[in-house]
Each structure stands twice: as structure tokens, then as C-alpha cells.
There are 2 protein chains.
Amino acid sequence: MTTPTTTPRACSVANALEVVGDRWSLLVVRELFFKAHRFNEIAANTGAPRDILTTRLRKLEEVGVLERRAYSSSPPRYEYHLTDAGRALSPVIQALRQWGDDFVTEGPPPAVFEHDCGHPFVAVLSCRACGAAADRGSLHLQH
Amino acid sequence: MTTPTTTPRACSVANALEVVGDRWSLLVVRELFFKAHRFNEIAANTGAPRDILTTRLRKLEEVGVLERRAYSSSPPRYEYHLTDAGRALSPVIQALRQWGDDFVTEGPPPAVFEHDCGHPFVAVLSCRACGAAADRGSLHLQH
DNA sequence: GAGGTGGGTTGGTTCTTCCAACCGAGGTAG
DNA sequence: CTACCTCGGTTGGAAGAACCAACCCACCTC
């Protein structure tokens, strides 16, 4: 551990955060999951300032998280939709939601999801190979 | 959906992001998972400016994500450790790492984790009740 | 007593965000 | 045909946050 670094640690977490680690991007992605696809909806539901929202949408499009689709051309109007990369952010959103539910939101969670199995959805992170939950201590760095 | 909102959507994701949704906080948490507990280590490994790091550490302490422990008193020196709430961020970090590995980091992932089961760890989000992976489409909002 | 270590502060500059107002193409009501 | 509304932005200016380099102080080692 703690390789004597002068430059920050090379890390996929940091790389991911460079793309979606600002105040609004993940809220935009959340809205797209909630099927709010239009500029005004996203602006209203996130509370993001419109100019910032414009630059975020452009950036997220550029990095391939979402795509812009014209739904009208005569006055050019666009909708925003998640790409595969964007949809792959679902675990990030759900993990944040779960943590927010458990540790920051007061009272009952504002939105409750139901899994196909019929139970209220409580997110757990598990190992794809064995299916067991990735508890603390069950992960080690390979070197 | 799309209840005619004038205020932003009430949401645990937003609440979580208000606490850890800035540029450095999750990197700090990552470092604590990596067992870098001292100010200088965290500063070097994240690349965060020292003054910003100070205010982030104070804020994260205040909201209960980490705690500050004196390891020397004569010149007062401190270490930072995750609380239970902080350790509960593990799924968020792992989900971000997985997404970074899959969609933004070029080449092989810089850090490979191994699960206790012996396989390289690939993070999957699943339902605590039934254990099945929470694929896209398997979740619905309860109303 | 010179220099290093650890955990910060401080001052000054730059960068980003934020807000309110505006815009232009088109559709709609009257 | 005129007035007004919608949609998806853009613009200017003020305020705040981030950033960087330098400094600080108690202690420890050489």
C-alpha cells in the first residue's frame, strides 16, 4: 500500500469521478432513469441552473453517457437518452440511493423501488463469480 | 412520473450527493479504504489541495462519515478512520470503480481486487431479498 | 543548531457556479 | 395579423469556491 506517490493514485474510481463526479451529472442520469428526457424536465427536477445543465449535457454526450435525439426538426427540439454506458451507471445510482436512505435521508425514503421478485428493493453489492455479498473484508487488492 | 415540480425532486440520491458529491470526498473515502489514514498520504494519493482537503475532512467528520483519532498528543497528530456510515460507502466506491473499469479507464484496470471466493472481483448489484442481479428493467417505482 | 516531518494556515488569483434576463423559431388563441 | 406561450437554449455580471505557493509551529533527528 501507500506506494510513495508524488502523483495521485491511478484509479478507476478517480477516472469515473472525472466524468460523473460533479454536482449535477449523476442527478441528470437519475432523471433519465426516471424517464424525464427533456431539457425543461431535467432542469426542474434536478434544480440545476440552465446554463450549467447545457454544458453538462454536452459533456455527458461527448463522453458517451447519453445521446441527444431530435424529436422535432422544424423548431429543432431534442430529447436526451442514456446509452449503454449511461445505463451501466445504474449500480452507482442505486448504491448512492441506498446509502442516502440508510444514512442521510430523514424519515422514510422518498422513493421505494420494488424488485421483480416482489420485495422492496434493498441494494447489495455482490461478487459476480460466486454471488455472495461483498462484505467488508471479503475483498483484497491483488498485487 | 414527472409530477409537475417547481422544486427539485425529493430523493435519497440527491441527499447522498449533497454529502459526498463533490470532487474530493469520495476519493478521500477511497483512500481510507486503502488504509491511507494520514493527512499527507491522503493529500498525495488524491491530489487534493491541502486547504480543500482540510475543509473536506472536517465536513466528512461532521456528517459522520469518518472520525479523527489522535495518535500523538505532544505534537497533536491525527489519523482519519471510516465510521460505519463511511464503510457503508463501499458499494458506491466499488460501483464507481466497476463503471470506470468498464467504460472510462483505458487498458487494464489499475487495481484488481480479489473476492474471498478466489475470483477477481466483478461488482454486481443485487436484490437483498432474492439475491438475483438487479438488471435494468427489474426495478419499478412503488407508488 | 540545521534540517526534516506532520498537519495544517494564509493570501492572492483564477476558475466555476449561479442567477436573472434575454432570444428566436414556431405554435396557438382571438 | 397580433399577442402570447413553449421549448431549448445563450448572455452578462456578481459571488463563491477552488487552486497554488508560501508560511507556520511543535517536535525530533543528526
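Numbers restart at 1 for each chain; the letters A, B, ... are given by sequence-line order, proteins then strands.
Between A:Asp22 atom CG and C:dC15 atom P there is a gap of 18 Å when expressed in whole angstrom units. Atom CG in B:Asn40 sits roughly 12 Å away from atom C1' in C:dG4 (whole-Å rounding). Per the geometry, CD belonging to B:Glu41 stands 8 Å off P belonging to C:dG7, to the nearest Å. Put simply, CZ on A:Arg23 is 12 Å from C1' on C:dT16, counting in whole angstrom units. Following rounding to the nearest Å, B:Leu53 (CG) and C:dG8 (P) show an atom-to-atom distance of 9 Å.
Residue A:Tyr78 is the one, among A:Tyr78 and A:Asp51, whose nearest nucleotide of DNA chain D lies closer to the 5' end (criterion: closest heavy atom). When each of A:Pro76 and A:Thr55 is assigned the nucleotide of DNA chain C with its nearest heavy atom, A:Thr55 is the one assigned upstream, toward the 5' end.
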> Between B:Leu66 and B:Val29, does a side chain to side chain contact (heavy atoms under 4.5 Å, CB included) hold up when you go through it step by step?
Replying inline: CA-CA 8 Å; B:Leu66 53 80; B:Val29 173; 5.9 Å; no
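A cation-pi geometry, defined here as NZ or CZ lying under 6.0 Å from the six-membered ring centre and within 45° of its normal, holds between A:Arg68 and A:Tyr78. In this structure, A:Arg9 satisfies the cation-pi test against B:Phe34, with its NZ or CZ atom closer than 6.0 Å to the six-membered ring centre and inside 45 degrees of the ring normal. Cation-pi contact between A:Arg77 and A:Tyr71: absent, since separation from the ring centre below 6.0 Å together with deviation from the ring axis within 45° is not met.
For DNA chain D, the outermost nucleotides in 5' to 3' order that have an atom under 4.0 Å from a heavy atom of chain A are D:dC7 to D:dG12.
Ranking C:dG26, C:dG8, C:dC18 by closeness to the B:Arg58 side chain, first place goes to C:dG8.
Between the side chain of B:Arg77 and the base of C:dG6, a donor-acceptor pair under 3.5 Å is found.
At a threshold of 4.0 Å, the pair A:Arg23-B:Asp22 does not count as salt-bridged, since none of the basic side-chain nitrogens sits closer than that to a carboxylate oxygen. A salt bridge links B:Glu67 with B:Arg69: at least one charged nitrogen is closer than 4.0 Å to a carboxylate oxygen.
Listed pair A:Trp24 / C:dC18 meets the phosphate criterion, a side-chain N or O lying under 4.0 Å from OP1 or OP2. Residue A:Arg50 has no polar side-chain atom (N or O) positioned under 4.0 Å from OP1 or OP2 of C:dC22.
A distance of 6.5 Å separates CD of B:Gln94 from CG of A:Leu125, quoted to the nearest 0.5 Å.
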